[in-house]
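Only this structure's heavy atoms are used, side chains among them; waters, hydrogens and symmetry mates stay out. Not measured: the values here are computed from a predicted model.
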Amino acid sequence: MTSFQAPRGTTDILPDDQRDRLAVQRVCANLAEKFGYAPILTPTFEDSDLFLRTTGESTDIVQKETYTFDDRGGHSLTLRPEGTPGVCRAYLERGLHNTPQPVRLYYIMPMYRFERPQAGRFREFWQFGVEALGDSDPAIDAEVIELAWRVLESFGMTDVTLLVNSIGDAESRPAYLDALRDYFAPHADSLSPDDQRRLRENTLRVLDSKDEEVQPLLPDAPKSIDYLSDESKEHWNSLLQSLDALGIRYEIDHTLVRGLDYYTRTVFEFVPPDARRQSTILAGGRYDGLIEELGGQPTPGIGFAMGIERVVAEAKKRGTLTSPDRRTTVLVAHIGDAAKASGLRLASELRRAGIAAVLGPPRGLRSQLRYATSIDATHAVIIGDDEIANDTVVLRDLSQGEQSEMSRGSLLELLG
RNA sequence: GUGAGCGUGGCCAAGUUGGUUAAGGCGCCAGGUUGUGGCCCUGGAGAUCGAGGGUUCGAAUCCCUUCGCUCACCCCA
């Protein structure tokens with residue numbers, strides 16, 4: 001056992017796993033591009049205040065899950081626990097708000113949360129996410145949800161459930177929160193300390209509670225959609241119509257509120273059939289006040305984030321990961337010093353001709369060929385004194401088990 | 001932050017009423033054709049039993065602490 005281990009909640013992603021992940025990422029990127037989203041990458045850490053102002057001081061994520069530290073200059077920095085704040089900060093800082101609107105962006109980046117590791121939950125994990133900024137039309141809500149759906153669909157996850165809700169806008173929110181507080185007030189004493197705190201500080205979250213004292217109260221609790229402003233109501237109805245038109249099935253969940261402070265109007269979540277609320281694989285919503293909160297002009301936005309690890313696990317379970325066809329790979333085996341030097345040059349030539357080539361390890365021929373098998377090489381080129389003397393090489397097809405001697409020129413021609 | 005289970009070579013893993021050199025399999029390296037793979041055969045390297053401390057003549061096997069892993073809660077992607 002070595003004395004160093006990867007930090008808790010982190011892991012090394014070994015080749016087989018990384019190939020699966022890259023396959024998933026490719027699908028995400030391709031679909032995002034197809035929907036007109038452009039790639040963006042933001043810093044791994046940001047000014048700590050960015051997350052306080054956006055994600056929200058009262059959220060669990062900011063309250064107890066951030067990696068926050070002072071750098072050597074005394075500035076408080078935080079490893080991003082989610083992608084949206086950084087993307088919105090970049091949108092403002094880099095002048096994307098002065099480019100044609102809406103701006104459609106997508107990212108694939110690691111996130112950091114100091115949580116107790118568990119199935120599908122890590123301290124460092126990757127998210128694929130999209131943000132559509134500068135458009136409040138419900139059609140773009142539908143577009144974002146459709147993109148999410150297409151991604152999951154392409155991994156065969158058509159049995160996931162889409163939950164949607166509208167939690168209203170800045171105008172309608174206060175009245176709704178009052179209604180919620182009034183509704184729960186008579187029961188406040190019987191609620192858990194956690195829920196009592198939620199009721200005071202983050203009222204919406206009470207709807208999210210799994211506490212058995214709260215559960216029976218939820219069905220009759222005031223519904224946010226009954227308190228929507230006319231504008232938000234119209235937005236909500238229009239979104240549902242669009243989803244219907246796109247043939248995307250959904251369930252309206254009046255208790256869906258999401259864990260981040262910045263959400264307004266549309267919120268949605270995709271959950272697997274078995275675990276339901278337990279293991280969300282993709283979730284998002286609209287955040288029309290976020291850009292303004294960061295000092296920009298009032299700018300609507302909507303997006304989602306998807307857990308790469310969770311999707312990889314699901315896709316693996318279903319066997320829906322597509323592995324690219326195996327490319328021609330050549331192992332250049334050599335016998336003797338002269339042949340080794342010659343092989344070194346040949347491997348280089350092959351690569352420049354676009355063929356993957358690996359020089360055999362400094363061992364006997366038998367061992368080099370065994371190695372060729374172990375790295376899934378499709379061919380072996382064998383060079384020894386005879387070949388050098390004749391200025392030829394032996395090309396062995398490892399799947400057929402046949403080989404023949406030829407000039408280097410015809411080798412390149414044959415493989416290229 | 002709470003609860004439960006677990007931690008033996010790279011991987012899987014036997015071994016627990018404490019007692020000589022800690023099984024086996026996979027993988028790895030070598031040899032079996034002084035230049036030939038995938039199967040097979042033979043041999044070899046590799047762990048002091050997560051770490052630290054304690055009990056004991058003696059511990060992988062008992063006790064304490066600690067780190068980590070897994071699962072659940074909380075929360076989230």
Under 4.0 Å: is that the gap between some side-chain N or O of A:Arg258 and OP1 or OP2 of B:A77? yes

What integer number of Å spans the P atoms of B:U20 and B:A59? 11 Å

So does A:Asp337 pair up with A:Lys340, basic N to acidic O under 4.0 Å? no

Of the options B:G35, B:C76, B:A77, whose atoms approach the side-chain atoms of A:Thr280 most closely? B:A77

Which of B:C67, B:G35, B:C74 is nearest the side chain of A:Gln5? It is B:C67

Starting at the 5' end of RNA chain B and moving along, which residue's nearest nucleotide shows up first, A:Ile308 or A:Ala119? A:Ala119

A:Phe125 side-chain proximity, nearest of B:C29, B:A77, B:G37: B:A77

Please answer whether the main-chain N or O of A:Glu115 pairs with a side-chain N or O of A:Arg123 as donor and acceptor at a distance below 3.5 Å. yes

Donor-acceptor pair, side chain of A:Ser224 and main chain of A:Ser166, under 3.5 angstrom: yes

In whole angstrom, give the distance that lies between atom CG of A:Asp261 and atom C1' of B:C76. 14 Å

B:G52 versus B:A13 - spacing of their P atoms, nearest Å: 24 Å

So if I take every side-chain heavy atom of A:Glu387 and compare against B:G35, B:A30, B:G38, which nucleotide ends up nearest? B:G35

A:Arg363 side-chain N/O to B:C29 phosphate OP1/OP2 under 4.0 Å: yes

Contact under 4.0 Å: A:Gln127 side-chain N or O vs B:A77 OP1/OP2: no

Scan A:Ala305 against the nucleic acid and name what it touches under 4.0 Å (heavy atoms): base, sugar-phosphate only, or nothing. sugar-phosphate

Can you check whether A:Arg370 has a side-chain N or O nearer than 4.0 Å to OP1 or OP2 of B:G38? yes

